[in-house]
Amino acid sequence: MCFDSTTEANLRYLYATGFIDSDTILCCPDDYSLGNFKNFSINERYEQLCKYGVVDYGKRNKEYFYNKYSLFLNGLYKIKQGDKIRVWMSHVPMEMVDFFVVCYFLRDVLNRIYVCDANIVLQDISKHSALLNCPSDFMQLMNKMRSVSILRYSGIGEKIFLTPIKLIKNGEVIMMNEEDFDNFIYNVINSQKENNTERIVEEVLKKA
């Protein structure tokens with residue numbers, strides 16, 4: 001299981017070339033660090049992500065998004081007790097939050113899940129699992145994967161569905177209203193000596 005299309009493509013390559021023995025590869029097409037899930041449907045979620053500018057209109061039309069999401073959810077709901085699930089993730093907020101949510105989805109099915117943490121190889125918490133080299137980094141991480149308790153993270157995943165704005169600090173979800181979040185961003189802007197947009201975004205992501 002992964003949270004990025006590049007990582008998914010690499011995993012499919014690894015299966016095709018015999019490096020891994022399972023063709024059941026699930027990729028979440030969503031970013032659960034954004035938005036409100038109170039009245040969730042795939043169609044409504046697509047429209048919501050369009051408003052955030054997350055969906056690439058040239059590549060991910062509504063039909064593509066719906067099909068991708070359906071494959072992910074159907075595969076998720078087919079997981080049963082005793083299945084060994086390996087998750088590819090990093091400390092980038094989107095991947096970390098998506099991992100928490102997956103633990104929430106699977107809390108009544110599995111006790112443990114296996115994690116391949118990209119940052120063991122990348123050694124930089126700002127780097128995404130899509131930057132892993134294939135096949136060397138993937139093989140190294142499979143040898144270093146660790147088993148973690150689903151219940152340890154499922155509670156965080158549940159909280160993520162309660163509010164449209166959330167930060168994660170030291171593994172805990174912090175609820176924020178829009179005004180507090182705006183002030184958080186303004187504080188980052190005011191702390192910068194230069195009005196560099198890329199640097200401001202980078203600093204907000206690091207601190208969030």
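What you see is a predicted model, and the numbers here were worked out from it, not measured in a lab.
- The ring pair (Phe, Tyr, Trp, His ring centres under 6.0 Å) analysis of residues 128-152, with sequence neighbours excluded, yields the pairs Trp88-Phe138.
- Taking CZ from Phe65 and OH from Tyr46, the interatomic distance works out to 8.5 Å, rounded to the nearest 0.5 Å.
- Atoms CE and CZ, on Met94 and Phe99 in that order, are 14.0 Å from each other to the nearest 0.5 Å.
- Legend: residues meeting side chain to side chain donor-acceptor pair (under 3.5 Å) with Asn119, ordered by chain and number and at least two apart, are absent.
- Judged by distance alone, the side chain of Asn133 and the main-chain N or O of Ser136 form no donor-acceptor pair under 3.5 Å.
- Considering all non-hydrogen atoms of both residues, Ser154 and Cys103 come closest at CB-O, 3.5 Å.
- Every residue two or more places apart in sequence or in another chain was checked for a side chain to side chain donor-acceptor pair (under 3.5 Å) with Asn111, and none qualifies.
- To the nearest 0.5 angstrom, Ser5 atom OG is 11.5 Å from Arg12 atom CZ.
- Evaluation of the ring-ring contact (aromatic ring centres under 6.0 Å, His included) rule for Tyr104 yields Phe161 as partners, not counting sequence neighbours.
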Q. Val92 and Lys127: side chain to side chain contact (heavy atoms under 4.5 Å, CB included), yes or no, with the steps?
A. CA-CA 7 Å; Val92 171; Lys127 291 186 177 179; 5.8 Å; no
Q | Steps toward side chain to side chain contact (heavy atoms under 4.5 Å, CB included) verdict (Leu106, Ile79) | A | CA-CA 8 Å; Leu106 297 176; Ile79 293 173; 4.0 Å; yes
Q. Would Asp117 and His91 count as a side chain to side chain donor-acceptor pair (under 3.5 Å) if you check the C-alpha gap in whole Å, the side-chain angles of each, and the deciding distance to 0.1 Å?
A. CA-CA 8 Å; Asp117 184 351; His91 293 227; 3.0 Å; yes
Name the atoms and distances for all side-chain donor-acceptor pairs under 3.5 Å in residues 14-27, with sequence neighbours left out.
residue	atom	partner	partner atom	Å
Thr17	OG1	Tyr13	O	2.7
Thr17	OG1	Leu14	O	3.4
Ser22	OG	Thr24	N	3.2

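- Residue Tyr114 shares its hydrophobic cluster (ILVMFWY side chains chained together at separations under 4.5 Å) with Met145.
- Residues meeting the salt bridge (Lys or Arg N to Asp or Glu O under 4.0 Å) test with Glu47, sequence neighbours left out: Lys62.
- The closest side-chain heavy-atom distance from Leu132 to Asn10 is not below 4.5 Å.
- Every pair passing salt bridge (Lys or Arg N to Asp or Glu O under 4.0 Å) that includes a residue from residues 82-108 is listed here, sequence neighbours excluded: Lys80-Asp83.
- Taking CE from Met1 and SG from Cys28, the interatomic distance works out to 9.0 Å, rounded to the nearest 0.5 Å.
- Partners of Gln48 under the side chain to side chain donor-acceptor pair (under 3.5 Å) rule, at least two apart in sequence or in another chain, are Arg45.
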Distance-only donor-acceptor hits, side chain of residues 69-78, under 3.5 Å, sequence neighbours excluded:
residue	atom	partner	partner atom	Å
Tyr69	OH	Asp30	OD2	2.5
Tyr69	OH	Tyr32	OH	2.8
Ser70	OG	Tyr66	O	2.9
Asn74	ND2	Ser70	O	3.1

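- Contact of the Asp4 side chain with the Cys2 side chain is not registered, since no non-hydrogen atoms from C-beta on lie closer than 4.5 Å.
- For the pair Val102/Phe3, a side-chain contact is recorded, criterion being any heavy-atom separation below 4.5 Å from C-beta on.
- Every pair passing salt bridge (Lys or Arg N to Asp or Glu O under 4.0 Å) that includes a residue from residues 63-72 is listed here, sequence neighbours excluded: Glu8-Lys68.
- A donor-acceptor pair shorter than 3.5 Å can be found between the side chains of Ser129 and Thr7.
- Taking Ser147 as the reference, Arg112 meet the side chain to side chain donor-acceptor pair (under 3.5 Å) condition, with sequence neighbours excluded.
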